[in-house]
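Each remark here refers to the structure printed beneath this line.
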Amino acid sequence: MVTIASQLPEPFNDAVRALLPDAQVIGIPRGVPPVLPDDASILVAAPIIVRGATAPEHAPAGWPFGLRWVQLGSSGIDFYPRWFFDGPPVTTARGTASQAIAEFVLAAIFSHAKRLPDIWIHDAHEWQMSPLATVAGSTVGIFGFGSIGEAVAQKATALGARVLAVRRRTTNQAAVAGVTFVADIGELLQQSDHLVLAAPATESTRHIVNLASLKLAKPGLHLINIARGSLIDDAALLEALDEGVIGGASLDVTEPEPLPAGHRFYTHPRVRLSPHTSAIGPHNTQELARKFARNFKAFSAGTALEDLVDVRQGY
């Protein structure tokens with residue numbers, strides 16, 4: 001019997017037990033594992049470097065404890081120390097929250113276009129009509145056209161929006177009908193009414209939104225970040241917001257997380273800030289359990305694993 005050590009909550013473990021009745025799932029604490037059950041060959045790892053937590057620079061003695069495969073409980077690999085990937089194959093949870101995040105993006109777009117909740121009135125003297133933007137006919141730019149970007153594009157095109165996208169890999173550029181691929185984020189900034197950041201945190205994407213790139217922005221641009229806070233130079237964004245170059249920013253991620261008390265994002269009138277919650281939905285547990293079960297079957301058969309981490313690429 002294969003033994004799986006899991007740091008995820010019991011609902012996930014129970015879902016895996018139901019899908020893989022011949023495997024043994026043992027729940028273990030979150031964090032850097034100082035030791036694992038002797039017979040555990042698979043680890044399902046919860047994020048470690050979150051909400052100000054840190055991880056040791058070096059692996060604990062005995063790592064990787066005889067593990068043959070590590071499944072991450074997240075899509076991003078930046079929640080884990082570098083040594084976590086010096087050992088057995090590691091796979092991510094890519095795609096398990098894409099629909100939830102895409103819906104969050106659409107909610108942010110609608111909120112900005114319809115000026116919600118600012119148009120709610122509370123007294124008779126406020127009864128004055130004002131024009132609102134439409135999503136149909138607007139241009140939605142997507143920087144990072146992976147699983148999340150594709151889900152956003154499918155929903156945006158269905159609403160009648162024009163969708164532009166940038167992706168690192170040039171294959172399958174017609175994966176979503178109605179999507180036009182452009183060369184770089186500069187083109188997205190120049191043409192988009194709403195720009196969605198959906199790329200992983202890597203050295204090449206760090207501060208991809210900066211003082212120079214924001215000078216290219218279409219007046220009134222609405223910036224949406226559901227990727228990682230490191231993609232944005234905060235000082236540059238605040239300057240662009242203060243000057244009215246950027247019409248608004250919907251930020252579900254920041255650097256660091258949480259932001260320190262008093263940070264201007266908390267109170268800026270053009271910022272809508274949420275606590276990295278766009279991925280949290282009612283189906284996450286089952287989606288990840290099903291993905292894990294698929295990979296378990298591939299692992300058992302000795303075939304290729306789905307969404308294998310490539311540390312050189314950063315995801």
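The figures here come from the full heavy-atom set of this structure, side chains too, leaving out hydrogens, waters and symmetry mates. Please read these numbers as outputs of a predicted model, since none were measured by experiment.
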Exercise for the section: Return the orientation label for the F292 and F12 ring planes: parallel under 30°, perpendicular over 60°, tilted otherwise. Expected result: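 Perpendicular, since the angle between the ring planes exceeds 60°.
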Problem - Parallel, tilted or perpendicular, as decided by the 30° and 60° cut-offs, for the rings of F299 and F296 - result: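 Tilted.
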Please determine whether residues [X] and [Y] belong to a single hydrophobic cluster, defined as Ile, Leu, Val, Met, Phe, Trp and Tyr linked transitively by side-chain heavy-atom distances below 4.5 Å.
X: V90; Y: I42; result: no
X: I77; Y: I49; result: yes
X: V253; Y: V271; result: no
X: V70; Y: V25; result: no
X: W69; Y: I48; result: no

Is a side-chain donor or acceptor of [X] paired with a backbone partner of [Y] at a separation under 3.5 angstrom?
X: Q7; Y: G31; answer: yes
X: E126; Y: D123; answer: yes
X: N284; Y: A279; answer: yes
X: T205; Y: I208; answer: no
X: K155; Y: Q99; answer: no
X: K114; Y: A133; answer: yes
X: S278; Y: V105; answer: no
X: R270; Y: L241; answer: yes
X: T96; Y: E287; answer: no
X: Y80; Y: A45; answer: yes

Problem - Evaluation steps, side-chain contact (heavy atoms from CB on, under 4.5 Å), between T303 and K297 - result: CA-CA 9 Å; T303 56; K297 292 173 182 177; over 6 Å; no
Taking side chain as C-beta onward, heavy atoms only, is [X] less than 4.5 Å from [Y]?
X: E150; Y: S98; result: no
X: D234; Y: F265; result: yes
X: V50; Y: E257; result: no
X: S192; Y: L221; result: yes
X: F79; Y: L72; result: no
X: R82; Y: V311; result: yes
X: R167; Y: V179; result: no
X: V196; Y: I226; result: yes

What is the distance from atom [atom1] of [X] to atom [atom2] of [Y], rounded to the nearest 0.5 Å?
X: Q71; Y: E306; atom1: CD; atom2: CD; answer: 9.0 Å
X: N295; Y: L305; atom1: CG; atom2: CG; answer: 5.0 Å
X: F104; Y: T277; atom1: CZ; atom2: OG1; answer: 7.5 Å
X: L223; Y: L251; atom1: CG; atom2: CG; answer: 6.5 Å
X: T3; Y: D39; atom1: OG1; atom2: CG; answer: 3.5 Å
X: F110; Y: L116; atom1: CZ; atom2: CG; answer: 10.0 Å

Practice task
With side-chain contact (heavy atoms from CB on, under 4.5 Å) as the test, would you mind laying out the steps for I28 and L43 before giving the verdict?
Solution key: CA-CA 10 Å; I28 63 170; L43 171 65; 3.9 Å; yes
Problem - R115 side chain to S130 side chain, donor-acceptor N/O pair below 3.5 angstrom - result: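 Judged by distance alone, the side chains do pair up.
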Problem - Pair S250-R272, side-chain donor/acceptor within less than 3.5 Å - result: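 No, R272 and S250 have no side-chain donor paired with an acceptor closer than 3.5 Å.
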Exercise for the section: Flag yes if more than 12 heavy atoms outside M129 fall under 6.0 Å of its CE atom; otherwise flag no. Expected result: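 No, not enclosed.
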Practice task
Answer yes or no: are there more than 12 heavy-atom neighbours, outside D118 itself, under 6.0 Å from its atom CG?
Solution key: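 Correct, the count exceeds 12.
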Heavy atoms only: give me the nearest [X]-[Y] pair and the separation to one decimal.
X: F145; Y: A165; value: CD1-CB, 3.6 Å
X: P89; Y: R68; value: CD-O, 3.3 Å
X: A217; Y: V245; value: CB-CG1, 4.4 Å
X: I224; Y: A108; value: CD1-CB, 4.3 Å
X: G95; Y: S75; value: N-OG, 4.2 Å
X: V135; Y: A113; value: CG2-CB, 4.3 Å

Handout entry: Presence of salt bridge, R17 and E10, under 4.0 angstrom
Key =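 Judged by the 4.0 Å cut-off on N to carboxylate O distance, E10 and R17 do form a salt bridge.
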Exercise for the section: Test V32 against W83 for side-chain contact (heavy atoms from CB on, under 4.5 Å), laying out the working first. Expected result: CA-CA 11 Å; V32 176; W83 52 260; 3.7 Å; yes
Practice task
In sequence, state the C-alpha distance, the side-chain angles, and the governing distance for V140 and L159, and then conclude on side-chain contact (heavy atoms from CB on, under 4.5 Å).
Solution key: CA-CA 11 Å; V140 175; L159 292 168; over 6 Å; no
Practice task
Start with the C-alpha gap between D252 and S274, add the side-chain angles, then the distance that decides, and say whether side chain to side chain donor-acceptor pair (under 3.5 Å) holds.
Solution key: CA-CA 5 Å; D252 188 52; S274 52; 2.6 Å; yes
